[in-house]
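Hydrogens, waters and symmetry mates play no part in the numbers below; they use all other heavy atoms, side chains included.
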Amino acid sequence: MKRLSLQWRITLLTALLIACACVCMNLLLYRTGVTGMDALNGFMMQYQPGSADSLTIEIPQEEMSSLLAHFSQEVYDAKVVFGRKGWCITAVVTILSAAIAYFVSGRALKPLQQLAQQAQRVDQDSIATARLDEDTVREFGQLSRSVNRMLDGLAQSFELQRQFAGNAAHELRTPLAILQTKLELFAEEHPAMDAETAGLVSSLREQLDRLTALVRTLLEMSNLQSVSRTDHIALAPLVEEILTDLTPLAQKNNISLQQDCAELGMVGSDALIYRLVFNLVENSIKYNRPGGAVHVTLRQEKQAAVLRVADTGPGIPADCRESIFQPFFRVDKSRSREMGGVGLGLALVREIAVLHGGSVTVESSSENGTTFAVALPLAQPC
């Protein structure tokens with residue numbers, strides 16, 4: 001019973017109630033009809049010619065026994081037919097009532113279905129704006145108001161968290177810049193330092209570079225909402241520019257870059273879309289096999305521009321294909337550190353895509369490579 005939907009529970013309980021009522025009604029009607037028929041039969045059996053009653057039936061005496069036997073059979077047959085019809089009527093009424101109850105309960109539960117659909121659209125990216133409709137039936141309206149208050153609290157918590165990350169990143173920029181400058185000055189002033197000191201300085205500079213990249217990315221993520229998104233962007237030239245900028249890295253890793261982009265445009269932040277595509281292509285170059293390739297395509301699918309970035313790397317495990325878009329998640333932590341990653345590149349890609357009304361997914365992944373697909377809304381024609 002617990003596995004049934006609420007609509008089916010209401011339907012079955014209503015049908016059971018109607019069936020019980022119909023059975024009781026049928027039994028009572030049948031009992032009443034049978035009693036009346038038996039009384040009629042008994043009256044015929046008790047009739048005596050020459051009675052003082054005014055009713056006179058002229059039947060020959062020799063045919064009376066045949067008449068009484070025939071009449072008794074007719075009464076019995078009438079009782080059987082009456083019983084069968086009563087049970088058929090009960091079944092029909094029960095089934096019809098159950099069907100009516102199902103559709104009526106479905107209509108009554110329609111606000112709950114709408115509430116569930118609205119709740120499904122609420123996620124971390126839309127929690128600040130998504131709200132459940134409170135203009136509904138009283139019971140569901142109270143639930144909607146409670147959920148909306150909870151969403152307001154969660155949105156406020158996320159905003160405070162975002163502000164904290166942005167403020168912390170902003171405050172960290174100055175000391176990191178000072179440390180980096182002092183290390184560079186130290187290296188310039190001591191060109192003849194011993195190997196141990198040189199190794200220590202190199203390690204410190206490497207870690208400072210990682211921290212600087214982390215702070216910069218955190219600052220970008222905390223300021224996404226405030227960035228203007230009114231630029232008219234030609235996506236094909238943007239992809240070409242990014243591939244040109246990443247050519248030295250690709251040559252260093254012995255990776256070939258290929259593109260096949262249709263002339264499509266969108267409205268958004270040119271800087272953020274640049275960062276989105278740049279991060280995807282850069283990751284595909286870094287986490288690829290030597291001698292591999294990165295293929296970037298851009299096609300229109302329905303009302304969206306779909307950008308695909310395919311590589312020939314080792315692939316992403318199936319259980320990690322959603323988690324890789326979470327901040328600080330790494331499939332191979334040791335390799336990510338070797339590449340200088342901070343675990344925020346794909347998280348930033350997803351943030352930018354959602355901010356522009358799009359999405360990013362791992363379309364396919366195997367030991368022969370991975371394909372990322374980014375869907376972005378096309379610019380509406382003027």
Report summary line: Note: Gln259 and Ala236 closest approach over all heavy atoms is OE1-O, 4.4 Å

Query raised in the report: Does some side-chain heavy atom of Pro314 sit less than 4.5 Å from a side-chain heavy atom of Arg289?
Result: yes

Report summary line: When every non-hydrogen atom of Thr312 is compared with those of Gly292, the smallest separation belongs to OG1-CA, 3.2 Å

Report task. Over all heavy atoms of both residues, which pair between Gln326 and Ala347 is shortest? Give the atoms and the distance, please. Result -> C-CB, 4.1 Å

Query raised in the report: Ion pair present between Arg299 and Asp260, side-chain N to carboxylate O less than 4.0 angstrom?
Result: yes

Query raised in the report: Charged N to carboxylate O under 4.0 angstrom, Arg275 versus Glu351?
Result: no

Requested in this report: Output yes when a side-chain donor or acceptor of Ser202 lies under 3.5 Å from a complementary backbone atom of Ala198, and no otherwise.
Outcome: no

Query raised in the report: In the single-linkage hydrophobic clustering (I, L, V, M, F, W, Y; side-chain heavy atoms under 4.5 Å), do Leu249 and Ile255 co-cluster?
Result: yes

Query - Donor-acceptor under 3.5 Å (His356 side chain, Ser269 main chain) - result: yes

Query raised in the report: For the residue pair Ala353 and Leu276, what are the closest heavy atoms and their distance?
Result: N-CD1, 3.8 Å

Query - Leu378 side chain reached by Gln300 side chain, heavy atoms, under 4.5 Å - result: yes

Query raised in the report: Would you say the side chain of His190 lies within less than 4.5 Å of the side chain of Thr197, judging by non-hydrogen atoms?
Result: no

Requested in this report: Report yes or no: do Asp209 and Thr212 form a side-chain donor-acceptor pair below 3.5 Å?
Outcome: no

Query raised in the report: Distance-only, no hydrogens or angles: does the Asn288 side chain make a donor-acceptor pair with backbone N or O of Ala293 under 3.5 Å?
Result: yes

Query raised in the report: Is Val267 reachable from Val239 through a run of I, L, V, M, F, W or Y residues, each pair having side-chain heavy atoms under 4.5 Å apart?
Result: no

Report task. Would you please test Leu280 and Leu346 for side-chain contact (heavy atoms from CB on, under 4.5 Å) and show each step? Result -> CA-CA 7 Å; Leu280 283 177; Leu346 291 177; 3.8 Å; yes

Query raised in the report: Hey, which of Leu235, Leu298, Val281 is the one that makes side-chain contact (heavy atoms from CB on, under 4.5 Å) with Leu307?
Result: Leu298

Requested in this report: State yes or no: do Val306 and Val277 share one hydrophobic cluster built from I, L, V, M, F, W and Y residues joined by side-chain heavy-atom distances below 4.5 Å, directly or via other members?
Outcome: no

**Report entry** No-hydrogen, no-angle side-chain donor-acceptor test under 3.5 Å, Tyr274 and Asn279
**Finding:** no

Query - Residue pair Pro237 / Glu263: nearest heavy atoms and the distance that separates them - result: CD-OE1, 4.3 Å

Requested in this report: May I ask you to decide if Ile233's main-chain N or O and Asp231's side chain share a donor-acceptor pair within less than 3.5 Å?
Outcome: no

Query raised in the report: Does Thr181 reach the main-chain N or O of Ala177 with its side chain, forming a donor-acceptor pair under 3.5 Å?
Result: yes

Query raised in the report: Between CD1 of Ile285 and CG of Leu246, what distance do you get to the nearest 0.5 Å?
Result: 4.5 Å

Requested in this report: Mind listing the closest non-hydrogen atom pair of Thr370 and Ser365 along with its distance?
Outcome: OG1-OG, 2.9 Å

Query raised in the report: Does the pair Leu238 and Phe278 meet the rule for a side-chain contact (heavy atoms from CB on, under 4.5 Å), with working shown?
Result: CA-CA 10 Å; Leu238 180 71; Phe278 186 95; over 6 Å; no

Requested in this report: Could you tell me whether Glu196 atom CD has more than 12 heavy atoms of other residues or ligands within 6.0 Å of it?
Outcome: no

Query raised in the report: In terms of heavy-atom contacts, does CD of Gln156 have more than 12 from other residues, nucleotides or ligands at under 6.0 Å?
Result: no

